[in-house]
Each structure stands twice: as C-alpha cells, then as structure tokens.
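First the structure, in the form of structure tokens, and then the observations on it.
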Amino acid sequence: MPPSLHIKGAQKIIDRTTSSLATLRTIYVKELSGYLLVPFGWVILGCTMALQGFILQAVLQVMTHATGNGVMYHMLDNLNFWFYFIFIFPLITMRCLAEEERQGTLEGLLTAPVTTTQIVMGKYLAAYTFYLILWLPMLTYPLASRIGNLYTEIRYGIQPEGLITYMLADWVGPYLILALSGAFFVALGIMCSALTRSQIIAAILSTCLMIMYYFMGRVTELWGEFPAAPIFHYMSCTEHVRSFASGVIDTRPVVLYLTMTFLTLALTKRIVDYRRWTR
C-alpha cells in the first residue's frame with residue numbers, strides 16, 4: 001500500500017477523533033453550565049459546605065482529646081459524613097437523563113448526529129466535575145492548619161519539608177478515596193437516571209442502591225466473620241475510607257472503583273441505546 005494511503009487513513013482517524021472530542025466537549029460544557037449557572041447547583045454547594053463546616057467543628061472538639069489520626073480521618077470516619085455523602089449523588093445525577101426524558105428533549109438528542117457514548121460520557125464527566133468542585137473548599141483546611149501551626153514551627157524549629165510531607169500524607173489519601181468512590185457513585189446515579197423519566201424515582205432508586213452498597217460493607221460488623229466475609233471486606237467503602245484516610249494507599253479499592261465505574265457506564269450506554277433503537 002502506498003505511503004500516501006497510510007497518511008490519508010491516519011488523517012481520517014485524527015479528524016474523526018477530533019470531531020468526536022469536540023462533540024463531547026460541547027455536551028460536557030452544556031451540562032456543567034447546568035450545575036454552575038443555576039441556583040440549584042449553588043444551593044447544593046452551600047449546603048455541602050455548611051455540613052462540612054459542622055463536621056469539622058465537631059471533629060476539632062474531638063481531636064482536643066484524641067491523637068494519632070489527622071483531621072480528615074476523623075471527618076470521614078463519622079456517621080454524619082456518610083449521612084450527607086450518600087445523598088449528594090442523587091441530587092447531582094437525578095436530572096441528568098430523567099429530566100431530558102420528561103421534557104422530551106432526550107428524543108431530539110438521541111436522533112442528533114452524536115453517539116450514545118458521547119451523550120453518556122458528557123453528562124457523566126459534567127456531574128463528576130461538579131462533585132469534585134463540592135470538595136474544593138476542604139482544600140483550605142491544610143492552609144488554615146499551616147497558618148495555625150506557624151507559631152509552633154517557629155518556636156520548636158519544625159522544618160517546613162517535614163510539615164508538608166505530613167500534610168500530604170494526611171490529606172492526599174482522603175481526597176483520593178473521595179475521588180475514586182465518587183466516580184463509581186456518580187456513574188450509579190447516572191444509570192438510575194437513565195432508567196426512568198421521573199427525577200424523584202431516579203433519586204429514590206440511586207439512594208437505595210447506595211445505601212445497600214454502604215451496608216454491604218457493614219455486614220461483617222453485624223453478623224461477624226463467615227466464609228464469604230472477605231468479599232464484603234473488599235467492597236466495604238467505610239474500610240476503604242479508613243484505610244486511605246490513615247495514609248495507607250491500597251490498590252485493590254482503586255481497581256474495584258475504576259472497574260465498577262466502567263461497568264456501570266457501559267450498562268448505562270446499553271440502556272440509552274435501547275431507548276434510541278426503540279423510538
């Protein structure tokens with residue numbers, strides 16, 4: 001085959017990829033603006049910040065009598081944290097596809113010259129980006145801790161490098177597990193939104209699935225150890241949070257959440273494809 005044909009073939013692939021990414025970017029920007037340019041998204045952000053501040057205040061009171069773990073460990077290993085953490089995802093994802101179906105705009109989107117993968121990934125990436133934005137205010141906590149300990153550094157001669165290393169070990173692990181678990185839970189919410197045209201039903205369904213997953217990790221606490229207990233330990237999001245928040249980065253939860261995210265998004269694509277071809 002002449003070299004010119006190879007070049008033309010490669011150029012077609014590049015052009016097709018560029019066009020696909022441009023379409024994906026358009027959907028992503030449109031969906032993300034639906035979170036950031038409407039009051040609903042800012043209400044979620046405000047409520048999340050208020051709850052984070054409430055838990056931080058409670059944790060700081062506990063840490064005056066407890067040592068050995070960082071602030072993030074105590075914040076995440078808290079029942080109040082799980083109470084609002086689980087309910088964040090239905091609020092973020094319930095309208096992604098269900099609202100499109102209710103308003104009748106999904107049909108136009110499915111008949112447009114875009115692929116199902118672009119639709120699902122565009123909505124997923126926008127919802128996941130907004131989820132990560134919700135945790136940005138917590139990035140100010142290490143800075144506040146740094147300023148608060150400035151006097152101690154000067155008085156006791158603590159080297160800045162040592163303090164920074166400690167802060168990274170204390171905060172990077174928790175942020176990593178929040179990003180990993182959030183990737184799966186956002187995908188789960190998108191899938192529930194694809195199953196119905198009602199936002200309320202999508203929110204209830206995703207909440208029930210997330211609560212079920214949460215309590216699967218606590219089966220061993222209720223029933224003790226049994227032959228299948230390692231499976232529940234492996235799937236326990238509470239154990240993952242405790243491990244990462246204590247500075248232990250385990251690759252098994254990384255593989256678990258990435259795999260579950262991929263499978264959930266693949267299933268969501270099949271659901272949307274079914275809607276596309278049954279119209």
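Positions are given from 1 along the sequence.
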Would Val120 and Val272 count as a side-chain contact (heavy atoms from CB on, under 4.5 Å) here? Give the steps. CA-CA 8 Å; Val120 173; Val272 178; 4.1 Å; yes

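- Evaluation of the salt bridge (Lys or Arg N to Asp or Glu O under 4.0 Å) test over residues 199-214, restricted to residues two or more places apart or in two chains, returns none.
- The two residues Ser236 and Thr238 make their nearest non-hydrogen contact at OG-OG1, 2.9 Å.
- Listed by chain and number, the residues in a side chain to side chain contact (heavy atoms under 4.5 Å, CB included) with Leu51 are Tyr84 (sequence neighbours excluded).
- A search for ring pair (Phe, Tyr, Trp, His ring centres under 6.0 Å) contacts involving Phe54 returns nothing, not counting sequence neighbours.
- With rounding to the nearest 0.5 Å, the separation of CG in Leu136 from OG1 in Thr48 is 11.5 Å.
- At a threshold of 4.5 Å between non-hydrogen side-chain atoms, the residues Met210 and Pro90 count as touching.
- The shortest distance between side-chain heavy atoms of Leu256 and His240 falls below 4.5 Å.
- Remark: Ser33 engages no residue in a side-chain hydrogen bond (donor to acceptor under 3.5 Å, both in side chains) (not counting sequence neighbours).
- Across all non-hydrogen atoms, the minimal contact from Val254 to Asp250 is CG2-O, 3.6 Å.
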Residues 262-270 side chain polar contacts: donor-acceptor under 3.5 Å, at least two apart:
| residue | atom | partner | partner atom | Å |
| --- | --- | --- | --- | --- |
| Thr264 | OG1 | Met260 | O | 2.6 |
| Thr268 | OG1 | Thr264 | O | 2.8 |
| Lys269 | NZ | Asp273 | OD2 | 2.9 |

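- A continuous path of ILVMFWY side-chain contacts below 4.5 Å connects Phe244 to Tyr175, so both sit in one hydrophobic cluster.
- Residues Leu45 and Tyr35 form no side-chain contact, since every pair of their non-hydrogen atoms from C-beta on lies 4.5 Å or further apart.
- Leu37 and Phe130 end up in different hydrophobic clusters when Ile, Leu, Val, Met, Phe, Trp and Tyr side chains are linked at under 4.5 Å.
- Applying the side-chain hydrogen bond (donor to acceptor under 3.5 Å, both in side chains) criterion to Tyr28, with sequence neighbours excluded, gives Thr129.
- A salt bridge (Lys or Arg N to Asp or Glu O under 4.0 Å) check over residues 32-55, counting only residues at least two apart or in different chains, returns nothing.
- From Thr93, atom OG1 reaches atom CD of Gln199 across 10.0 Å, with rounding to the nearest 0.5 Å.
- Partners of Arg242 according to the side-chain hydrogen bond (donor to acceptor under 3.5 Å, both in side chains) rule, which considers only residues two or more places apart in sequence or in another chain, are Asp77.
- With sequence neighbours excluded, the residues that form a ring pair (Phe, Tyr, Trp, His ring centres under 6.0 Å) with Phe89 are Phe85, Tyr131, Phe185.
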Take Leu36 and Ile133, measure what side-chain contact (heavy atoms from CB on, under 4.5 Å) needs, and give me the verdict at the end. CA-CA 10 Å; Leu36 300 179; Ile133 291 175; 4.2 Å; yes

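- Tracing side-chain contacts under 4.5 Å through hydrophobic residues (I, L, V, M, F, W, Y), one never reaches Ile204 starting from Ile211; they form parts of separate clusters.
- Side chain of Thr261 to main chain of Tyr257: a donor-acceptor pair is present (N/O by atom type, distance under 3.5 Å, no hydrogens or angles).
- Classification of the Trp82-Tyr214 ring pair by plane angle, with boundaries at 30° and 60°, yields tilted.
- The ring pair (Phe, Tyr, Trp, His ring centres under 6.0 Å) test applied to Phe87 returns Phe83, not counting sequence neighbours.
- If you take CH2 on Trp42 and SG on Cys47, they are separated by 13.5 Å, rounding to the nearest 0.5 Å.
- Atoms CD1 and CG, on Ile190 and Leu97 in that order, are 6.0 Å from each other to the nearest 0.5 Å.
- Note on Leu91 and Ile200: separate hydrophobic clusters, where clusters join Ile, Leu, Val, Met, Phe, Trp and Tyr whose side-chain heavy atoms are under 4.5 Å apart, directly or indirectly.
- Proximity of Ile88 to Leu134: side-chain heavy atoms (C-beta onward) are separated by under 4.5 Å at one or more points.
- In this structure, OG in Ser243 is found 8.0 Å from CZ in Arg252, a value given to the nearest 0.5 Å.
- Contact annotation: the side chain of Cys237 never approaches that of Ser181 to less than 4.5 Å [non-hydrogen atoms, C-beta and beyond].
- Residues passing the ring pair (Phe, Tyr, Trp, His ring centres under 6.0 Å) test with Tyr234: none are found, sequence neighbours excluded.
- Applying the 6.0 Å contact sphere to CD1 of Ile231 captures no more than 12 heavy atoms from other residues, nucleotides or ligands.
- Considering every non-hydrogen atom in both Val186 and Ala127, the closest pair reads CG1-CB, 3.8 Å.
- Between Leu180 and Pro253 there is no side-chain heavy-atom pair separated by less than 4.5 Å.
- Across every non-hydrogen atom of Gln52 and Pro137, the tightest pair is OE1-CB, 4.3 Å.
- For the atom pair Cys192 SG and Met94 CE, the distance stands at 13.0 Å (nearest 0.5 Å).
- Both Leu132 and Phe184 belong to a single network of hydrophobic side chains, linked directly or stepwise wherever heavy atoms of I, L, V, M, F, W or Y lie under 4.5 Å apart.
- The list of salt bridge (Lys or Arg N to Asp or Glu O under 4.0 Å) pairs with a residue in residues 78-92, not counting sequence neighbours, is empty.
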